[in-house]
Amino acid sequence: MGQKKQRLLEAEQHPSPPDRAQTLSPLEPCLRPPATLSPQRSIYFSSPKSHSAQLGSEFFDQPAVHLARAFLGQVLVRRLEDGTELRGRIVETEAYVGPEDEAAHSRGGRLTPRNRGMFMKPGTLYVYIIYGMYFCMNVSSRGDGACVLLRALEPLEGLGTMRQLRSTLRRGAAGRALKDRELCSGPSKLCQALAIDKSFDQRDLATDKAVWLERSPPGSGEPAVVAAARVGIGHAGEWAQKPLRFYVQGSPWVSVVDRAAEQNART
DNA sequence: TTTTTGATAGTCT
DNA sequence: GACTATCAAAAAG
């Protein structure tokens, strides 16, 4: 049963043979370009226009709560293997502040092979599988075991491709066409729309060639931000209530709005 | 409109 | 063996 979906997934990722999956990750050790010595070319210009505004490591090096807010308005870019670029403005995030956070996978200082990305340097991705069938995408922040979950995007570029990826990957088969608002309004939806899967785990958002962050274009002023309780944290006592979810007020692209929180926020 | 429920598999106890 | 940082279809109001 799951086979069909499985194959679709693989087809998306590697149009050609399967092999390399088991072998050592080809990405990890070579953060610096293998051929560092080409004297003329700055790496910043090697890939013409697209990387111009890529945010570097400094941006990610701030506490989870700050980073979660700073993400709002920035543009997440995904470059597919065929060169297609998908863009979406981040409109909703959640902060997971570290070992003391009962709702975090790093609670109590747990460090496992799965959540290792949370403990790696700021800007490292932590991608995990949820409910056996979906992915969630986090970005490590300053602080051990602290990170930010990306929950929703406003799709800007490549909507057609996103729709295609979403309807191919999602269960419930072909069905109706998805509305724009359904493309990226949820942590696993945005992963589907941008073809983000487990192979992105532990990659560096500051240097990766297939996924990166761009500073929001100037002129787009500070958005009004709502702080609300995080989603899907039934347990975790007091930590479930804390206002660690942030979203752009009034944005139609947000996954879950919290009217009560918006009332209280009238400051 | 809101709520309930089934799908599905890696990870941890 | 229990538990998910979810999604979408079906059922209920």
Side-chain angles (χ1 to χ4, degrees), chain A residues 1-10 21-22 64-65 67-68 71 90 92-119 125-141 145-153 162-163 165-194 196-202 227-247 253-260:
Chain A
M1 263 293 222
Q3 283 185 336
K4 196 187 294 177
K5 241 177 270 177
Q6 185 89 340
R7 245 176 298 130
L8 284 170
L9 263 168
E10 287 169 10
Q22 302 289 43
V65 170
L67 183 60
F71 268 147
I90 298 172
E92 182 182 356
T93 60
E94 283 178 3
Y96 288 84
V97 305
E100 69 270 34
D101 185 344
E102 283 300 317
H105 289 173
S106 57
R107 74 186 90 81
R110 289 173 173 77
L111 197 177
T112 67
R114 177 175 69 140
N115 69 6
R116 179 144 182 273
M118 296 179 79
F119 294 83
L125 294 182
Y126 167 40
V127 179
Y128 66 90
I129 299 172
I130 186 72
Y131 300 118
M133 46 189 342
Y134 299 113
F135 297 101
C136 286
M137 174 184 187
N138 302 258
V139 183
S140 176
S141 70
C147 70
V148 174
L149 170 70
L150 270 35
R151 283 197 56 92
L153 307 177
M162 291 182 190
R163 202 180 323 274
L165 282 163
R166 286 272 289 124
S167 29
T168 316
L169 296 176
R170 112 189 123 125
R171 71 186 185 88
R176 60 184 222 288
L178 291 165
K179 297 172 187 155
D180 288 357
R181 305 168 61 143
E182 297 176 294
L183 292 177
C184 302
S185 56
S188 297
K189 295 179 186 177
L190 74 87
C191 283
Q192 278 186 345
L194 299 193
I196 301 284
D197 64 21
K198 187 79 175 163
S199 72
F200 283 77
D201 189 41
Q202 298 183 16
R230 292 174 292 185
V231 174
I233 316 281
H235 55 100
E238 57 171 320
W239 282 93
Q241 319 297 336
K242 290 182 187 286
L244 292 174
R245 183 167 66 97
F246 304 97
Y247 66 84
W253 310 101
V254 168
S255 70
V256 180
V257 302
D258 185 332
R259 297 293 173 207

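Lettering of chains follows the sequences in order, A, B, ..., and the numbering in each one begins at 1.
- Using a 4.0 Å cut-off, no side-chain N or O of Arg110(A) falls inside it from OP1 or OP2 of dT11(B).
- Taking the charged nitrogens against the carboxylate oxygens, Lys189(A) and Glu182(A) have no contact shorter than 4.0 Å, which rules out a salt bridge.
- At whole-Å resolution of the value, CG in Leu150(A) and P in dT6(C) are 14 Å apart.
- We find that OH of Tyr96(A) is positioned 12 Å from P of dT4(C), with the value rounded to whole Å.
- For Met133(A) and dT11(B), the CE to C1' distance is 17 Å, given to the nearest whole Å.
- Distance from the side chain of Ser188(A) is smallest for dC7(C) among the nucleotides dC7(C), dA5(C), dC12(B).
- Rounded to an integer number of Å, the gap from NE2 of His105(A) to C1' of dA5(C) is 5 Å.
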**OP:** Could you give me the CA-CA distance, side-chain angles and deciding distance for Trp253(A) and Asp180(A), then say whether side chain to side chain contact (heavy atoms under 4.5 Å, CB included) is met?
**Re:** CA-CA 9 Å; Trp253(A) 310 101; Asp180(A) 288 357; 4.0 Å; yes
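- You'll find that the side chain of Tyr134(A) is closest to dC7(C), out of dC12(B), dA5(C), dC7(C).
- For Lys198(A), taking side-chain heavy atoms from C-beta onward, the closest of the listed nucleotides dT13(B), dA5(C), dT11(B) is dT11(B).
- Nearest nucleotide to the Arg166(A) side chain, out of dG10(B), dT13(B), dA8(C): dA8(C).
- Exactly one residue among Arg107(A), Arg230(A), Arg110(A) makes a salt bridge (charged side-chain N to carboxylate O under 4.0 Å, His left out) with Asp101(A). That residue is Arg230(A).
- Arg230(A) comes within contact range of no nucleotide atom at all, as no heavy-atom separation falls under 4.0 Å.
- One can place CZ of Arg151(A) at 7 Å from P of dC7(C), the figure rounded to the nearest angstrom.
- One atom, CD1 of Ile129(A), and another, C1' of dC7(C), lie 16 Å apart when rounded to the nearest Å.
- Side-chain proximity of Tyr126(A) to the nucleotides dG10(B), dA5(C), dC7(C) is greatest for dA5(C).
- By the criterion of a centre-to-centre distance under 5.5 Å and near-parallel planes under 30°, the ring of Tyr131(A) forms no stack with the base of dA7(B).
- Taking both residues in full, the closest heavy atoms of Arg116(A) and Leu111(A) are given as CA-CD2, 4.3 Å, listed atom of the first, atom of the second, then distance.
- Whole-Å rounding puts the Glu92(A) CD to dT6(C) P distance at 10 Å.
- The side chain of Pro187(A) approaches dT6(C) more closely than any other nucleotide in the set dG10(B), dA8(C), dT6(C).
- Ser188(A) places a side-chain N or O within donor-acceptor distance of the main-chain N or O of Phe135(A), the cut-off being under 3.5 Å.
- Stacking of Arg114(A) on the aromatic ring of Tyr128(A) is recorded, both the 6.0 Å distance cut-off and the 45° axial limit being met.
- With hydrogens and angles ignored, the 3.5 Å screen pairs no side-chain donor or acceptor of Glu94(A) with any backbone N or O of Arg151(A).
- Remark: Ser140(A) engages Thr124(A) in a side-chain contact (heavy atoms from CB on, under 4.5 Å) (not counting sequence neighbours).
- For the pair Leu149(A) CG and dA5(C) C1', the computed distance is 6 Å after rounding to whole Å.
- Residue Met137(A) is out of contact with every strand shown, counting any heavy-atom pair closer than 4.0 Å.
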Original post:
Given pairs defined as Watson-Crick or G-U wobble with both distances under 3.5 Å, what dot-bracket annotation applies to DNA chain C, with ( ) intrastrand, [ ] crossing, | other strand and . unpaired?
Top reply: ||||.|||||||.
